[in-house]
**Student:** 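Here it is, the structure in full.
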Amino acid sequence: MEFIEIGLKLFIFIIGISLFFALVGFLVKKYLSNFFDKIFSSIKNTFKKKD
């Protein structure tokens, strides 16, 4: 029975981590996508000015 309990704990632990990372990834995409777009646009503009 101990193996079953350890397996269940590991299973719940893995699910919790995956949900946590899914949430973090969602928030990062939501809030940082605009941020990265601004950075990339500014980088592109600087390269265009050099040409």
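Nothing fancy with the numbering, it's 1 onward along the sequence. Every heavy atom of this structure was used, including side-chain atoms; hydrogens, water molecules and symmetry mates were not.
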**Student:** So how far is it from Leu19 CG to Ile15 CD1, rounded to the nearest 0.5 Å?
**Tutor:**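 Here the rounded value is 7.5 Å.
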**Student:** Count I, L, V, M, F, W, Y as connected when their side-chain heavy atoms are under 4.5 Å apart, and connections chain through other members. Are Ile14 and Ile6 then in the same cluster?
**Tutor:** no
**Student:** Rounded at 0.5 Å granularity, tell me how far CG in Leu32 sits from CG in Asp37.
**Tutor:**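 One gets 10.5 Å once the value is rounded to the nearest 0.5 Å.
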**Student:** Name all residues meeting the side chain to side chain contact (heavy atoms under 4.5 Å, CB included) criterion together with Ile4; count only those two or more places apart in sequence or in a different chain, and write none if there are none.
**Tutor:** Met1, Leu8
**Student:** Would Phe35 and Val24 show up in the same hydrophobic cluster when neighbours are defined by side-chain heavy atoms closer than 4.5 Å?
**Tutor:** yes
**Student:** Are the side chains of Lys30 and Phe26 in touch, meaning some heavy atoms are under 4.5 Å apart?
**Tutor:** yes
